[in-house]
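We count ligands from 1, going down the list as the structure has it; atoms in each ligand are counted the same way. Just so it is clear, the structure is predicted and the values come from calculations on it, not from any experiment.
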Amino acid sequence: MEKISRTRIVDLIKREDFGAIVNVKGWVRTRRGSKKVAFIALNDGSTIYNIQVVADPTAFDEETMKLITTGACLSVNGVMVQSVGSEQKVEIQAREIEILGKCDSAEYPLQKKGHTLEFLREKAHLRLRTNTFGAIFRIRHNMAYAIHTFFHQKGFIYFNTPIITASDCEGAGEMFQVTTKNLYDLKKDESGSITYDDDFFGKMASLTVSGQLEGELGATALGAIYTFGPTFRAENSNTPRHLAEFWMVEPEVAFIEIQENMDLAEEFIKYCVKWALDNCADDLKFLNEMYDKELITRLEGILKEDFVRLSYTEGIKILEDAIKGGHKFEFPVYWGVDLAAEHERYLVEEHFGRPVILTDYPKEIKAFYMRMNEDGKTVRAMDVLFPKIGEIIGGSEREADYDKLLNAIKERNIPMKDMSWYLDTRKFGSCPHSGFGLGFERLILFVTGMANIRDVIPFPRTPGNAEF
Ligand code: ATP
Ligand code: MN
C-alpha cells in the first residue's frame, strides 16, 4: 500500500480540497451496501462523526472485503470527494484498503444495535469504542484542560499533594489502608493491636481522601494553589454519585474570605461550562439528542443566572415550609440535620430553579478546620448545589486562629500528634484563607447529562467492582 501520511477524521471533514489523495485509519462502525458498492462508516476517535468510505467490491480482493466488519481496524487510501449521501460534506472513494486488525463479528460484543449503558459498563474496555463514550471522554479531557487553563490564567500554582498519607485526621470519609505487611502473619502487641513500626512507612498509612490540608500549606506559602488528582473513599455508598476512586480539584487561596471563595467557585464552574459549550459542541449535540433533550438548554441556563446564596438556616426554613405545604421527603428536616440529596435538589430544582450556594452550616456536621462564626454555632462552610447532582462543590473559609483551631481539634478528639504540621500554618504567620473541593466526575456528570457516575470515568471503582 502506498505510504500517505494519515489525516484525522476531525480534520478531514473540514477540508474542501476535493480530489486530494488522503489516508485515514480507524475502526469500522457499520458496513452496508450491495455487491456493487460498499459503504463503510469509519471512526478514529477524533470526533463523534464518521467518515464514509465508498468501495467498489470488485476492485478489491475478496478476502479483504470479507474482513471489513464492525469493529475491524482499517487503513484506507483514497480520493476525497464531495458527499451527497452521508451526513458529512466529505467522503472517501477507496483506492487501497489494508486490514490492520480484523474483528470476528461472532465474538465482538458491540453490534450495530444500541446497547444499554448497563451492558456497556460490563464491557468498559470496549465501550470506549462507542459514540457515547467517545463523546463523554472527549468532553472529560476538555474539562481537565479548562480547569488547568482557568487556574493558570489566574496565577494559581498546580500543587501535587500526596496520594499516600499517614494522617487520618481529615475525617472526610473512610480510608483504604496501604500496607506491605503479610496479612497471613500479622504482628500484634500485648493488647492485641496490630503494630505498624515494622510496616513500610513505620506507621499506618492510607490513600488520601482529600489534598486540602497539604493544599493549605501550599496556599500559605505560594498564595494560591490548586490540586487535581486521584482521591479515594472507602464508603460503602452504592449511589449514582459516588465512586471509591475519583478525581478532585481543590483550589486553596490565601487572603480571601468566604464571599470571594463563593465568587471563585461560581466563576470557575461557569468557565468550565462555557468551555464545553464553546469547544465540545458536536459531542454535546449528540448527547443532547441521545440522552437528555434539556442538556444544552440547562448548560446555557447556568451561564445566564447568578447562583442563589443562602444560609443553611434559611434553607432549613424553606424545606420546613415545603413540608407544611404538603411536600414529602424520605428523610427528616430539622435544624442540625445533614441535608440529603433530595433536600438539596428540592432547593435547587423546585424552589429556586437555579444553583444554590448554601453557607453557614452547623459546626457539628462540618469538618474541624472551618472558620467559626460569631454565633459560636455555625461555621463558614459553602456547598455548591446543582440541578440533578446535588453537592458538586464543598468548601469553606478556614479557621485562621490558632487557639480556636486547637479547640476544634480537641472537641473532636482528633489525635494532636498527627496535627502539629498543620497547626504550624496558624502558629507561624497565619492568614485568612479559603478553598473548596470540586468532584471532577460530578462536573462531568453535569456537563454530559449522564445520570450515573460510573459512565463518566473510564474504569470505575465502586464497592465490589475493580475490573480492568
Ligand atoms: P457527599 O455528601 O456527596 O458524599 P462529601 O460532602 O462527602 O460529598 P466532600 O468531602 O465535601 O464530599 O468532597 C468535596 C467534593 O468531592 C464533593 O462536593 C463532591 O463533588 C466530591 N465527592 C465527594 N465524595 C465523592 C465520591 N465518593 N465520588 C465522587 N465524588 C465525590
Ligand atoms: Mn461536602
Side-chain angles (χ1 to χ4, degrees), residues 140 143 147 161 165 168-176 207-213 215 226-252 261-262 264-266 268-269 272 307 312 315 331 337-345 347-348 355-370 379-398 434-448 450-466:
R140 186 179 163 111
M143 290 299 90
I147 287 165
T161 50
T165 171
D168 181 21
C169 43
E170 227 302 85
E174 294 297 312
M175 303 178 100
F176 289 101
L207 295 177
T208 185
V209 293
S210 160
Q212 181 202 315
L213 301 188
Y226 69 105
T227 72
F228 187 174
T231 308
F232 306 87
R233 299 203 180 168
E235 325 158 276
N236 204 349
S237 42
N238 238 321
T239 80
R241 287 170 299 109
H242 289 91
L243 291 163
E245 175 182 291
F246 63 103
W247 287 67
M248 184 136 68
V249 182
E250 295 182 277
E252 191 69 37
N261 200 30
M262 287 193 269
L264 181 69
E266 182 165 345
F268 171 52
I269 298 199
C272 294
F307 296 1
Y312 169 92
F331 297 102
V337 75
D338 201 357
L339 296 180
E342 57 167 347
H343 305 136
E344 297 174 341
R345 292 183 61 175
L347 292 174
V348 173
V356 174
I357 311 183
L358 212 56
T359 61
D360 304 293
Y361 283 71
K363 67 172 184 190
E364 286 78 14
I365 56 171
K366 288 293 179 188
F368 72 94
Y369 49 71
M370 298 191 181
V379 290
R380 290 198 182 176
M382 46 160 265
D383 280 7
V384 181
L385 312 179
F386 253 50
K388 293 192 71 182
I389 309 286
E391 181 185 330
I392 192 165
I393 279 181
S396 71
E397 182 177 339
R398 318 307 187 190
S434 304
F436 58 81
L438 166 92
F440 186 50
E441 286 76 17
R442 298 228 179 137
L443 174 70
I444 309 303
L445 272 181
F446 181 72
V447 172
T448 58
M450 289 288 111
N452 194 313
I453 201 160
R454 291 164 182 77
D455 295 332
V456 297
I457 187 165
F459 306 103
R461 270 80 183 95
T462 51
N465 179 46

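Not counting sequence neighbours, the partners of E266 by the side-chain contact (heavy atoms from CB on, under 4.5 Å) test are K270, D306, F307, R309, I357. With sequence neighbours excluded, no residue satisfies ring pair (Phe, Tyr, Trp, His ring centres under 6.0 Å) with F232. Remark: S396 engages R398 in a side-chain hydrogen bond (donor to acceptor under 3.5 Å, both in side chains) (not counting sequence neighbours).
Within the sub-2.8 Å shell of the Mn ion (ligand 2), the protein contributes these N/O/S atoms: E391 OE2.
Near G439, meaning under 4.0 Å from one of its heavy atoms, ligand 1 places the atoms 15 (C), 16 (O), 20 (O), 21 (C). Atoms of ligand 1 lying under 4.0 Å from any heavy atom of H242, numbered from 1 in the order shown and given with element: 1 (P), 3 (O), 4 (O), 26 (C), 27 (N), 28 (N). Within the listing of ligand 1, atoms 29 (C) sit less than 4.0 angstrom from a heavy atom of I453.
Heavy atoms of V209 found under 4.0 angstrom from ligand 1: none, in either backbone or side chain. In E235, the part holding a heavy atom less than 4.0 Å from any atom of ligand 1 is the side chain. Heavy atoms of I393 found under 4.0 angstrom from ligand 1 belong exclusively to the backbone. When heavy-atom distances to ligand 1 are checked against a 4.0 Å cut-off, R442 comes that close only through its side chain, counted from C-beta outward.
Considering only non-hydrogen atoms, atom 15 (C) of ligand 1 lies nearest to G437 out of P460, G437, A244. Among E250, R461, M248, the residue whose heavy atom lies closest to atom 16 (O) of ligand 1 is M248. Residue nearest to atom 6 (O) of ligand 1, selected from E245, E391, K366, E344: E391 (by heavy-atom distance). The option with the heavy atom closest to atom 26 (C) of ligand 1, from among F246, F232, W247, is F246.
Ring geometry for Y312 against Y361 counts as tilted: the plane angle lies between 30° and 60°, on a 0 to 90° scale.
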